Protein chains: 2
Amino acid sequence: MKSSSELSTDLPTQIAASIRDAIVSGDLIVDERLPSEAELSLQFDVSRATVREALKRLAAQSLIRTQRGATGGAFVNRISFEAAHAQQITTSILLLSMNDVSFETACEARFTLERACAPLSAKRRNSIHINMMREEIERQGEAGLSDEAFCASDVAFHRALVDGADNPVLSYQLAGAVEAMQPLMNMITFTARSRSAIVTLHRDIADAIEAQDGVGASDGLAALEVETQNLARRVFEQRKRPEPKM
Amino acid sequence: MKSSSELSTDLPTQIAASIRDAIVSGDLIVDERLPSEAELSLQFDVSRATVREALKRLAAQSLIRTQRGATGGAFVNRISFEAAHAQQITTSILLLSMNDVSFETACEARFTLERACAPLSAKRRNSIHINMMREEIERQGEAGLSDEAFCASDVAFHRALVDGADNPVLSYQLAGAVEAMQPLMNMITFTARSRSAIVTLHRDIADAIEAQDGVGASDGLAALEVETQNLARRVFEQRKRPEPKM
DNA sequence: AAACTTTAATTGTCTGACAATACTTTTTCA
DNA sequence: TGAAAAAGTATTGTCAGACAATTAAAGTTT
């Protein structure tokens, strides 16, 4: 099990890397039980505390799970799309918020990816996803909806669109791009007029998907991107005026 | 700092979640120093070992880094695109290998996303990425190249294409899709004829990018997808014949 | 045969100690 | 005086050993 990357890092990192390699390379397969902490501490010639810290690192990445009791231990986890989704979203949000990524850049990435999805979603459209999109459009039109709820509904609409492509890998890869936009969108105040413009575009997109018109859906998303970018630009400019850059 | 998600999980998980919330919500900002392990163990009323396991979980997600010495401690990490890339690739590879994702599905996802990139890459094309693509094409034509090296070069070519879009968010989101294909591609044996077909398509794509012809690049990628899918289908069918299912 | 008890294995947590590291302060001495 | 050396100090890294909590399996009783 001791194989690679034994640098000048601390011991738990080395041990975690060693076990991770064994999992990635297939030496340890899903649901296989790792040696007990006591055995591992003998194998790696470190204390149990050190082994535990290594195992916790792996658990944090959902690579293993642990179970107490007589037949317990650490087991190789089957990474679920759900867990991977969640992790990717957290990472994406932090990445954007910590690296001063402009709204423009994030928005471009999101719509570029989503447009790629549109033709597939149109081809494979199915009533479940269409209905979800319609429901969210309905919600977005309700008066008295908070900006935050409007954004959440917007994200749900787009998630339905992406999931409609019926390709789990695609859904997973796009999760970060779609969801990580929400905190950025939340900084925007949506006027009644801007909301109705967005709802109209959403309806166009849903119609195109339902009509299996991939090109139309793509065009609708392109228009939505322009609308969103303009809206953001207006909001940020207006916000700059009262307090003109320190 | 004690805020949310205090369920029936173990203590390190709860503590890690609590600190993670503080980071995600912005209560702890980049490069800020966390209290020392001793202080945290007092705050959370647990032993230092338990705090350490929690911190290791966060370190595993690159959320914090630690430093020894008098002015040391745990600091909130600025998640770099590089680190996020690496994590995403690992997760994507494991996700595909553990969930019996078909070659077809993964391939479709990858090319769908990449096609979305092509217009941007064409518009913003720059000599660095063009040269990288040309270099990889050159390498792919060399005789005596191992299948594995051919695949690695293929990935490098596509990474250059994606990076050419000059949008770091896009590059990050696509990293998983592009790189996670490599282990799947590695299962394929590339004949001289199939290699030359791929190289020709790569050259077409590079030419289109250089000519700022986004549509052409997209079409080239579509053709490459068809070629790749056919190739994979042939290889898998042939492999089934000598050993017909068990 | 079913219900209960005991046993053993394993992870979860705690305590206390010492080592390693790196910055700060003090001392030394040229 | 001023720079180098030494000591001090706060912090993480690692260890050893202990006990608690949990769980499945084996054994015992009814």
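All chains are named by letter (A, B, ...) in the order of the sequence lines, taking the proteins before the strands, and each is independently numbered beginning at 1. In this text the structure is predicted, and so the values were computed from the model without any measurement.
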Checklist line | Any residue meeting salt bridge (charged side-chain N to carboxylate O under 4.0 Å, His left out) with B:Arg57, in chain and number order, not counting sequence neighbours | finding: none

Check: Reckon B:Arg65 touches a base, only the sugar-phosphate, or nothing at all at heavy-atom distances under 4.0 Å?
Finding: nothing

Next item on the list: Check the pair B:Asp31 / B:Arg65 against salt bridge (Lys or Arg N to Asp or Glu O under 4.0 Å), numbers first and verdict last.
Entry: CA-CA 9 Å; B:Asp31 290 335; B:Arg65 62 179 183 280; 3.0 Å; yes

Check: Would you say B:Thr66 reaches D:dG13's phosphate, i.e. side-chain N/O to OP1/OP2 under 4.0 Å?
Finding: yes

Notebook entry, point to check: To the nearest angstrom, how far is B:Arg33 atom CZ from C:dA22 atom P?
Noted result: 15 Å

Check: How long is the line joining CD of B:Glu37 and P of C:dC14, in whole Å?
Finding: 14 Å

Next item on the list: Could you check which residues of residues 53-62 of chain A get a heavy atom under 4.0 Å from DNA chain C? Sort them by number, please.
Entry: none

Notebook entry, point to check: Going through the distances and angles, do A:Thr13 and A:Asp10 end up as a side chain to side chain donor-acceptor pair (under 3.5 Å)?
Noted result: CA-CA 6 Å; A:Thr13 304; A:Asp10 57 63; 2.7 Å; yes

Margin query: Check this one for me: any side-chain N or O of A:Arg52 less than 4.0 Å away from OP1 or OP2 of C:dG12?
Written below: yes

Next item on the list: List the protein contact pattern of nucleotides 19-27 of chain D with one symbol per nucleotide (5' to 3'): B for base contact, S for sugar-phosphate-only contact, - for none; contact means a heavy-atom distance under 4.0 Å.
Entry: --SBBB---

Next item on the list: Figure out the CD/C1' separation between A:Glu39 and C:dT10, and round it to whole Å.
Entry: 11 Å

Next item on the list: Check whether any side-chain heavy atom of B:Phe190 lies under 4.5 Å from a side-chain heavy atom of B:Leu145, and answer yes or no.
Entry: no

Item checked: Nearest-angstrom distance from the residue atom CG of B:Leu40 to P of C:dC14 -> 14 Å

Next item on the list: Run the numbers on A:Leu63 and A:Val76 for side chain to side chain contact (heavy atoms under 4.5 Å, CB included), then give the verdict.
Entry: CA-CA 6 Å; A:Leu63 274 134; A:Val76 177; over 6 Å; no

Margin query: Between B:Asp163 and B:Ser171, do the side chains contain a donor N or O and an acceptor N or O under 3.5 Å apart?
Written below: yes

Margin query: Looking only at the side chain of B:Ser47 (C-beta and beyond, no hydrogens), which of the listed nucleotides C:dT13, C:dT11, D:dT11 gets closest?
Written below: C:dT13

Check: Within less than 4.0 Å of OP1 or OP2 of C:dA9, is there a side-chain N or O belonging to A:Ser36?
Finding: no

Margin query: Can you list everything that forms a side-chain hydrogen bond (donor to acceptor under 3.5 Å, both in side chains) with A:Arg233? Sequence neighbours excluded, please.
Written below: A:Asn230

Item checked: Axis-to-axis angle between the two ends of the helix from C:dA1-D:dT30 to C:dA30-D:dT1 (five base pairs per end, rounded to 10 degrees) -> 10°

Next item on the list: Show the numbers, then the answer: is there a side chain to side chain contact (heavy atoms under 4.5 Å, CB included) between A:Val30 and A:Asn77?
Entry: CA-CA 6 Å; A:Val30 166; A:Asn77 229 351; over 6 Å; no

Margin query: Nearest whole Å is fine: how far is C:dC14 P from B:Leu11 CG?
Written below: 6 Å

Item checked: Residue A:Ala49, side-chain atoms from C-beta onward, closest of D:dC15, D:dT14, C:dC14 -> D:dC15

Which pairs of donor and acceptor atoms, one on a side chain in residues 149-157 of chain B, lie under 3.5 Å apart (sequence neighbours left out)?
{"residue": "B:Ser153", "atom": "OG", "partner": "B:Glu136", "partner atom": "O", "Å": "3.3"}
{"residue": "B:Ser153", "atom": "OG", "partner": "B:Glu136", "partner atom": "OE1", "Å": "2.8"}
{"residue": "B:Ser153", "atom": "OG", "partner": "B:Gln140", "partner atom": "NE2", "Å": "2.9"}
{"residue": "B:Asp154", "atom": "OD1", "partner": "B:His202", "partner atom": "NE2", "Å": "3.2"}
{"residue": "B:Asp154", "atom": "OD2", "partner": "B:Arg110", "partner atom": "NH2", "Å": "3.4"}

Notebook entry, point to check: Would A:Arg124 and B:Glu108 pass as an ion pair if we require N to O under 4.0 Å?
Noted result: yes

Item checked: Separation of atom CZ in A:Phe75 from atom C1' in C:dT11, rounded to whole Å -> 11 Å

Note to self: Side chains of B:Gln173 and A:Gln88 only: does a donor on one sit below 3.5 Å from an acceptor on the other?
What the structure shows: yes

